[in-house]
2 protein chains.
Amino acid sequence: MADPEQALVDGIRAASRQMVRELGFMQATLAATDYPASAVHALIELGKHGSMSAAAIAACLGLDKSSVSRMLRKLVDAGELTETVSDHDGRIKNLSLTARGRRTLAAVEAYGRRQVEEALQHMAPEARGLVHAGLEVYARALAQARSGAAGAVISPVRICPGYRVGVIGRVTEMHGLFYARHAGFGQYFESQVATGLAEFCGRLQRPGNGLWVALQGERIVGSVAIDGEDLGSGLAHLRWFIVDGAVRGGGVGQRLLQAALAHCDGYGFAETRLWTFAGLEAARHLYEARGFVLGEERQGRQWGETVTEQLFVRPGVAG
Amino acid sequence: MADPEQALVDGIRAASRQMVRELGFMQATLAATDYPASAVHALIELGKHGSMSAAAIAACLGLDKSSVSRMLRKLVDAGELTETVSDHDGRIKNLSLTARGRRTLAAVEAYGRRQVEEALQHMAPEARGLVHAGLEVYARALAQARSGAAGAVISPVRICPGYRVGVIGRVTEMHGLFYARHAGFGQYFESQVATGLAEFCGRLQRPGNGLWVALQGERIVGSVAIDGEDLGSGLAHLRWFIVDGAVRGGGVGQRLLQAALAHCDGYGFAETRLWTFAGLEAARHLYEARGFVLGEERQGRQWGETVTEQLFVRPGVAG
DNA sequence: TCGCAATGGTTGTATAGTGCAACCATATTT
DNA sequence: AAATATGGTTGCACTATACAACCATTGCGA
């Protein structure tokens, strides 16, 4: 294990330890209620899923079913939950929150929210998206490492049109990191991306041009642009298409592409073109699924490393 | 509370809940030992600090001193710890790890590290720095919100010279976000930063020029550059000086400035100049502490918002 | 159709970690 | 020298937990 890697791992461990302590997960009771941590988590899960069986809660919380059974009994006695026997399976009791339970949950939520909000007050505003994205990626990776399954929290990613602050930097960064890793590109490539994108954003308002970003919270995790000017009249140039590694494989690329191509079709471009590099198979599949076909290939040395550049072309909708 | 804010808070809460569960903090025993979570945490703290009193451990873990006392008794009986009465205060027992304790701790560390490493395998490589930075900023903010004190994990920030992949994007992004918030700048400003920095990085090798980044792990959290060409011969131009909000106030700015000015003095520039905006008091203090004096002020409208631009000048070392 | 295994849930029992309160020994302040 | 504060221990009660045995219901296969 290389040394920086070791430092990364230890840093993550130290921070999560600290975080767990600060959030009070080692205290017997949680979130300003008189219920134990497991009961609070059960309430939260019930609030999220509506109605669950005891076994489902046990699986979800990683506790023995006997512990869960007793814990639920107390919550029912306290009037937080009701249990109704399932009508299609006499063994199962469906648990759900009572009005009182919903009030309790609301109080728990308010407490937790306030705690987080106060923490957010104590950090630089720019760092908030970072915290969110970091926690989420980590939680998902932990779940995957444990069980192979992908089922975990993923905040929704939305596609938004237009410039927003930081997009030039972020898109440049994503390109720089991705192509350094996958093609060995360096400073010259990153400078080209930065310059081109900076120039393009200055004429984003002109007809035919468009930029879409994928946002997770307020963090930019993907982008695509249509340059309607630089290839000549009637030609749409698809540029700066990239998806952050944190959300790759989640359909974000498809949605970005769809937004960009809907714009192309709506505007009436005769053709959409894009340049890419051989070997990026995931991207190629996306292109071909959207009607792009490989037009031309050539060796390119301009980026510092020798790569095979590929032109993909997609005809516009028949006018 | 605005809606996106709400979504951010809830997203952070969901992710941290998930993370705590995945890490097994709700299990009675932890990290593949037979010791309870609190004992494991105590071992870790002792490993970190070398020798501590029981009270210090209790404070650190947020537990009652009686619980800690008993827990430590067991660890001593198990041969993991030794206790020696302090020589300058008869009440205090100094606790430290025995050889056996260090072995146990090593096993705990190995287990935890493997867990994290496996999780890292399940995420995009680009996201690793993000996870680290996010957790760390959050843990620190939680600690500050709880106790006002700043004492918490902060991974060391190091200053490194030269270009590295992603720096153009990251520095552009940091500038864009910071000045959008503090001066209302928008796309035009961000484009200027991107273009200028991209151009500068292309001639970074030329004599007199220099770029330094502040790195936390592999994440870029600050930058400064000396452009030895654009103001004319003998003049150093300090540009792209910025520190990420996540580490602001931690001396990173000072260290960046020192690196840049050491370069200026070593190279023998007659004068170092920088342009900034009125109102950025923290930065101004840094400049003045390093020998810069305000030279000229003028109103500028070029960035989209009216601001007062300030020229600061620092003479070179007497040749 | 009947029996048997599997599943959902409950209860008995033992264990262990925890906090509170009272306590002792030592140090510090008045 | 007395009062107070601090570090640490012990008695006590509480509670969350796991394990194992158990019951009721369901579903499957012979």
Side-chain angles (χ1 to χ4, degrees), chain A residues 20-21 24-43 45-46 49 51-78 80-96, chain B residues 20-21 24-43 45-46 49 51-78 80-96:
Chain A
V20 168
R21 279 184 209 156
F25 277 96
M26 288 180 62
Q27 264 72 38
T29 184
L30 205 60
T33 67
D34 288 338
Y35 298 120
S38 58
V40 172
H41 280 248
L43 289 176
E45 286 307 314
L46 278 170
H49 295 111
S51 173
M52 300 170 79
S53 68
I57 293 176
C60 190
L61 269 57
L63 297 175
D64 189 83
K65 59 177 182 168
S66 64
S67 307
V68 172
S69 171
R70 268 182 266 262
M71 185 252 297
L72 293 175
R73 166 77 32 243
K74 286 182 187 170
L75 288 176
V76 170
D77 290 347
E80 307 279 4
L81 306 180
T82 51
E83 46 186 5
T84 57
V85 178
S86 168
D87 41 358
H88 65 283
D89 187 336
R91 296 170 301 184
I92 296 177
K93 289 183 179 177
N94 278 317
L95 295 151
S96 51
Chain B
V20 168
R21 280 185 209 158
F25 277 96
M26 288 179 62
Q27 263 71 37
T29 184
L30 205 59
T33 67
D34 288 337
Y35 297 121
S38 59
V40 173
H41 281 248
L43 289 175
E45 285 307 314
L46 278 169
H49 295 112
S51 173
M52 299 171 78
S53 69
I57 293 175
C60 191
L61 269 57
L63 298 175
D64 188 85
K65 60 177 183 168
S66 63
S67 307
V68 172
S69 171
R70 268 181 272 260
M71 183 254 296
L72 293 174
R73 166 77 33 241
K74 288 181 187 172
L75 288 177
V76 170
D77 290 347
E80 307 279 5
L81 306 180
T82 51
E83 48 185 4
T84 56
V85 179
S86 167
D87 41 358
H88 65 283
D89 186 336
R91 298 169 301 182
I92 296 176
K93 290 183 180 178
N94 277 318
L95 295 151
S96 50

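Chain naming here is simple, since letters A, B, ... match the order of the sequence lines and numbering starts at 1 in each. All heavy atoms count here, side chains included; hydrogens, waters and symmetry mates do not.
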Checklist outcome for this item: On a heavy-atom basis, the closest approach of A:L46 and A:L95 is CD2-O, 3.4 Å
Next on the checklist: Looking only at the side chain of B:D64 (C-beta and beyond, no hydrogens), which of the listed nucleotides D:dG7, C:dG19, C:dT10 gets closest?
Outcome noted: C:dG19
Item to check | Whole angstrom value for the distance that separates P of C:dG9 from CZ of A:R73 | outcome: 12 Å
Item to check | Rounded interatomic separation in angstrom, taking NE2 from B:H41 and C1' from C:dT18 | outcome: 16 Å
Checklist outcome for this item: Rounded to whole Å, the CG-C1' distance (B:L72 to C:dG17) equals 13 Å
Next on the checklist: Can you measure A:I92 atom CD1 to C:dT10 atom P for me and round it to whole angstrom units?
Outcome noted: 12 Å
Checklist entry - Does the side chain of A:S38 get closer than 4.0 angstrom to OP1 or OP2 of D:dA16 through an N or O atom? => result no
Item to check | Separation between CG of A:L81 and CZ of A:R73, rounded to the nearest 0.5 Å | outcome: 10.0 Å
Next on the checklist: Mind checking if A:S66 touches a base, just sugar-phosphate, or nothing, with heavy atoms under 4.0 Å?
Outcome noted: base
Checklist entry - Between the side-chain atoms of B:K93 and the base atoms of D:dG8, is any donor-acceptor pair under 3.5 Å? => result no
Checklist entry - Has the side chain of B:R70 got a donor or acceptor atom sitting under 3.5 Å from an opposite partner on the base of C:dG19? => result yes
Checklist entry - Roughly, in whole Å, what's the span from CD1 in B:I57 to P in D:dT6? => result 19 Å
Checklist entry - What is the distance from CE of B:M52 to C1' of D:dG8, rounded to the nearest Å? => result 15 Å
Item to check | Reported CD1-to-OG distance for the pair A:I57 and A:S69, which is rounded to 0.5 angstrom | outcome: 10.5 Å
Checklist entry - How close do B:K65 and B:A58 get, heavy atom to heavy atom, and via which atoms? => result CA-CB, 4.2 Å
Checklist entry - What's the spacing between A:S53 OG and A:I92 CD1 if we round to 0.5 Å? => result 5.5 Å
Checklist entry - In terms of side-chain heavy atoms of A:E83, which of C:dT10, C:dC20, D:dT9 is nearest? => result C:dT10
Checklist entry - Do any side-chain nitrogens or oxygens of B:S67 fall under 4.0 Å of OP1 or OP2 in C:dG17? => result no
Item to check | Nearest-nucleotide 5' precedence on DNA chain D, A:A39 against A:K65 | outcome: A:A39
Next on the checklist: Nearest to the B:L63 side chain among D:dG8, C:dG19, D:dA16, which nucleotide is it?
Outcome noted: C:dG19
